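Below: the structure, in structure tokens.
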Amino acid sequence: MKITVLVTLMVFLAYFLVLYGGVGFIQDKRFFSSAPKENLDAIPDTKERFPSAHSIGWVIEIIAILLFLAAAALSVWDGVRNGFGFLDFFVRFLAVLYAMEIYDIIFFDWVLLCHSNFFPHFYPELKGVVGPHMFGYNKRTHIRHFVIYIPASAVAAWLCALL
């Protein structure tokens, strides 16, 4: 249980770093494909905010990817070490993925998008565009993720149970 909580916290941090590196430093609209259309329309194509901003962003993205990989490796290693079977791995993977999706809904959507100055800080053009009215704009995507995570966790658990 402790490892599952630790892995989940690592995933939360990695997920935030992906957002922070992309929004704060790289600032390429291709990273914002899940953003509401009205936000994308309001954000201009910009150059680097300061010298090396893109490089800093890519370093943050690489750290995030390494953190995701470390979380996965720790989760699998601990499960193999403790003799996890299919069901144990399945529950762990599903718990981490569902927690990540709930984190996305509560922290990214509710807090950062709807009730903070996070996005307008980097894109002043979004003042007045983002707000509480945007909550739930991507509920179909979240529902799709909750459904997709079941077979994805099953496949991952099956592969890990073979180890």
Side-chain angles (χ1 to χ4, degrees), residues 1-40 43 57-58 60-80 82 84-123 126 129-161 163:
M1 179 67 170
K2 290 178 187 177
I3 296 296
T4 303
V5 171
L6 176 62
V7 165
T8 302
L9 293 174
M10 291 169 68
V11 167
F12 287 178
L13 178 59
Y15 202 15
F16 176 75
L17 289 175
V18 167
L19 177 75
Y20 185 61
V23 170
F25 295 95
I26 298 173
Q27 296 190 318
D28 187 330
K29 282 188 179 184
R30 291 177 290 186
F31 284 96
F32 311 148
S33 62
S34 66
K37 184 174 176 355
E38 54 268 23
N39 289 18
L40 288 175
I43 298 171
W58 282 111
I60 292 170
E61 297 297 324
I62 290 167
I63 291 168
I65 291 168
L66 292 173
L67 198 51
F68 275 125
L69 293 173
L74 176 60
S75 185
V76 172
W77 172 79
D78 177 69
V80 169
N82 287 306
F84 277 21
F86 171 83
L87 188 59
D88 296 318
F89 276 118
F90 177 75
V91 169
R92 174 177 279 176
F93 296 149
L94 195 61
V96 171
L97 290 172
Y98 275 12
M100 181 182 73
E101 197 68 23
I102 291 167
Y103 170 74
D104 183 357
I105 294 166
I106 293 171
F107 185 65
F108 286 4
D109 296 351
W110 182 254
V111 174
L112 294 183
L113 180 64
C114 298
H115 293 91
S116 79
N117 194 40
F118 180 80
F119 291 100
H121 173 75
F122 297 108
Y123 301 99
L126 291 177
V129 176
V130 297
H133 65 281
M134 301 204 82
F135 187 70
Y137 79 93
N138 57 351
K139 71 178 139 195
R140 283 190 186 108
T141 302
H142 289 302
I143 292 168
R144 190 174 325 121
H145 289 169
F146 278 113
V147 171
I148 289 171
Y149 290 158
I150 296 169
S153 294
V155 169
W158 175 71
L159 290 172
C160 290
L163 297 176

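Here the structure is a predicted model, which means the values were calculated and not measured. Reckoned from all heavy atoms, side chains included, excluding hydrogens, waters and symmetry mates.
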Under 6.0 Å between the ring centres of F108 and Y15? yes
Between atom CD1 of I60 and atom CD1 of I65, what is the distance when rounded to the nearest 0.5 Å? 12.5 Å
Taking C-beta and beyond as the side chain, do L9 and L13 meet within less than 4.5 Å on heavy atoms? no
Flag side-chain contact, heavy atom, 4.5 Å: F135 against L113: no
Is the shortest side-chain heavy-atom distance between K139 and I105 below 4.5 Å? no
Mind telling me whether F86 and F90 have parallel, tilted or perpendicular rings, with 30° and 60° as the class edges? parallel
For the atom pair OH (Y149) and CZ (F93), what is the distance rounded to the nearest 0.5 Å? 14.0 Å
Side chains of L17 and E61 in contact at under 4.5 Å (non-hydrogen atoms): no
If you round to the nearest 0.5 Å, how far is CG of N138 from NE2 of H142? 3.5 Å
Using 0.5 Å steps for rounding, measure from the OG1 atom of T8 to the CZ atom of R92. 9.0 Å
Just checking, any donor-acceptor pair under 3.5 angstrom between side chains of H145 and D104? no
Check the angle between the aromatic planes of F118 and F16 and answer parallel, tilted or perpendicular using the 30° and 60° thresholds. tilted
Side chains of V80 and C160 in contact at under 4.5 Å (non-hydrogen atoms): no
Rounded distance [0.5 Å steps], CZ in F84 versus OG in S75: 7.5 Å
If we only count heavy atoms from C-beta on, is the Y20 to F25 side-chain gap below 4.5 Å? yes
Can you find a pair of side-chain heavy atoms, one from R144 and one from V147, that are under 4.5 Å apart? no
Working to the nearest 0.5 Å, report the span between CG of L6 and CG of L74. 5.5 Å
Classify the ring geometry between W110 and H115 as parallel (under 30°), tilted (30 to 60°) or perpendicular (over 60°). tilted
Under 3.5 Å, side chain of Y103 to main-chain N/O of F12, donor-acceptor pair present? yes
